[in-house]
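The structure appears right after this line, and notes come after that.
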Amino acid sequence: MANDGVNDSVNAGRRRFLTATTAVVGAVGAGFVAVPFIKSWNPSAQAKLAGAPVTADISALQEGQRLILEWRGQPIWIVKRSKAILDALPTLDSRLKDPKSEVTDQQPPYIKGEGRSIKPDISVLVGLCTHLGCSPEMVAEIRPEPYDPEWKGGYFCPCHKSRFDMAGRVFQGVPAPINLLVPPHHYQDDNTLVIGVDPSSSAKGAA
């Protein structure tokens, strides 16, 4: 199955992952204040170990916020991106290893384009660096950073300095070899996101 690589590539990071319930993340674009993580809906521990889908209510998710949940022992990041962030994504193509997500085993086949998402403003990523499985920091403000004077928001892994943009695309010249992985997911409705099930599988189940 094409999505099996999503799990195999990140198993090394499970030991480093601490499930977060609250924290503060950077704002997306100038003018936003820091906002807290939002709690997710979680199935039982037994269901998670079995790889059961995880459902999240994203109705309260605001621009600049990140919701973190756990699926198959991996942190899943759900981020609502601003128009400024979305406008910045195409400007980064020349600095990225795989800007068009042409390496197909890094995301399901229905995830395409610079945004790497089903809905343009909602990003869904496995929150583990593809180098050694560390969990990168979200640095979402569009402003110069010590590691990149032209930073347009993204994820920075302090362990070995790998960088990814706000779509999880990896920069050139860093240790991480590939983009952050996108898990299989679909929208049950406008406010309900299901991690672990493709849209086509969901449609067949409802038939």
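Keep in mind it's a predicted model, so treat the numbers as computed, not measured.
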Just wondering, do [Y] and [X] contact through their side chains at under 4.5 Å, heavy atoms?
X: Thr130; Y: Asn179; answer: no
X: Leu92; Y: Pro99; answer: no
X: Asp93; Y: Lys100; answer: yes
X: Ile195; Y: Arg72; answer: no
X: Ile76; Y: Pro183; answer: yes

### Task
May I ask you to decide if the ring planes of Tyr110 and His185 are parallel, tilted or perpendicular, using 30° and 60° as cut-offs?
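Answer is perpendicular, since the angle exceeds 60°.
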### Message
For Phe156 and Tyr147, take the angle between the two ring planes, folded into 0 to 90°, and tell me which bin it lands in: parallel under 30, tilted 30 to 60, perpendicular over 60.
### Response
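Correct class here is parallel.
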### Query
Can you tell me if NZ on Lys83 sees more than 12 non-hydrogen neighbours from other groups inside 6.0 Å?
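At most 12 heavy atoms, drawn from other residues, nucleotides or ligands, come within 6.0 Å of this atom.
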### Message
A quick test of your reading: do over 12 heavy atoms of other residues, nucleotides or ligands sit less than 6.0 Å from NZ of Lys97?
### Response
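Yes, because the 6.0 Å sphere around NZ of Lys97 holds more than 12 heavy atoms from other groups.
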### Task
Begin from the C-alpha positions of Ile118 and Ile111 and carry the test side chain to side chain contact (heavy atoms under 4.5 Å, CB included) through to its verdict.
CA-CA 6 Å; Ile118 296 175; Ile111 300 297; 3.7 Å; yes
Considering all heavy atoms of both residues, which atom of [X] and which atom of [Y] are nearest to each other, and what is their separation?
X: Arg81; Y: Met166; result: NH1-O, 3.1 Å
X: Ile85; Y: Ala140; result: CD1-O, 3.8 Å
X: Thr91; Y: Lys152; result: OG1-NZ, 3.4 Å
X: Pro108; Y: Val182; result: CD-O, 3.3 Å
X: Arg169; Y: Leu89; result: NH2-O, 2.8 Å
X: Pro136; Y: Phe164; result: CG-CE1, 4.4 Å

Donor-acceptor contact below 3.5 Å, side chain [X] vs main chain [Y]:
X: Arg116; Y: Leu180; result: yes
X: Gln172; Y: Ser94; result: yes
X: Ser135; Y: Gly127; result: yes
X: Ser59; Y: Asn191; result: no

### Message
Less than 6.0 angstrom separating the ring centers of Tyr155 and Trp77, yes or no?
### Response
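Yes - the distance between ring centres of Tyr155 and Trp77 falls below the 6.0 Å cut-off.
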Using 0.5 Å steps for rounding, measure from the [atom1] atom of [X] to the [atom2] atom of [Y].
X: Gln107; Y: Leu125; atom1: CD; atom2: CG; result: 10.0 Å
X: Glu114; Y: Asp87; atom1: CD; atom2: CG; result: 11.5 Å
X: Thr192; Y: His186; atom1: OG1; atom2: NE2; result: 9.5 Å
X: Cys134; Y: Leu132; atom1: SG; atom2: CG; result: 6.0 Å
X: Leu193; Y: Leu61; atom1: CG; atom2: CG; result: 10.0 Å
X: Ile58; Y: Leu67; atom1: CD1; atom2: CG; result: 8.5 Å

### Query
Transitively linked via ILVMFWY side-chain contacts under 4.5 Å: Val103 with Val126?
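Per the 4.5 Å side-chain linkage, Val103 and Val126 are not co-clustered.
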### Query
Under a 4.0 Å N-O cut-off, is there an ion pair linking Glu145 with Arg143?
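Between Arg143 and Glu145 there is a salt bridge, with a charged N closer than 4.0 Å to a carboxylate O.
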### Query
So Asp198 and Ser200, side-chain hydrogen bond (donor to acceptor under 3.5 Å, both in side chains) or not? Walk me through it.
CA-CA 5 Å; Asp198 293 315; Ser200 57; 5.1 Å; no
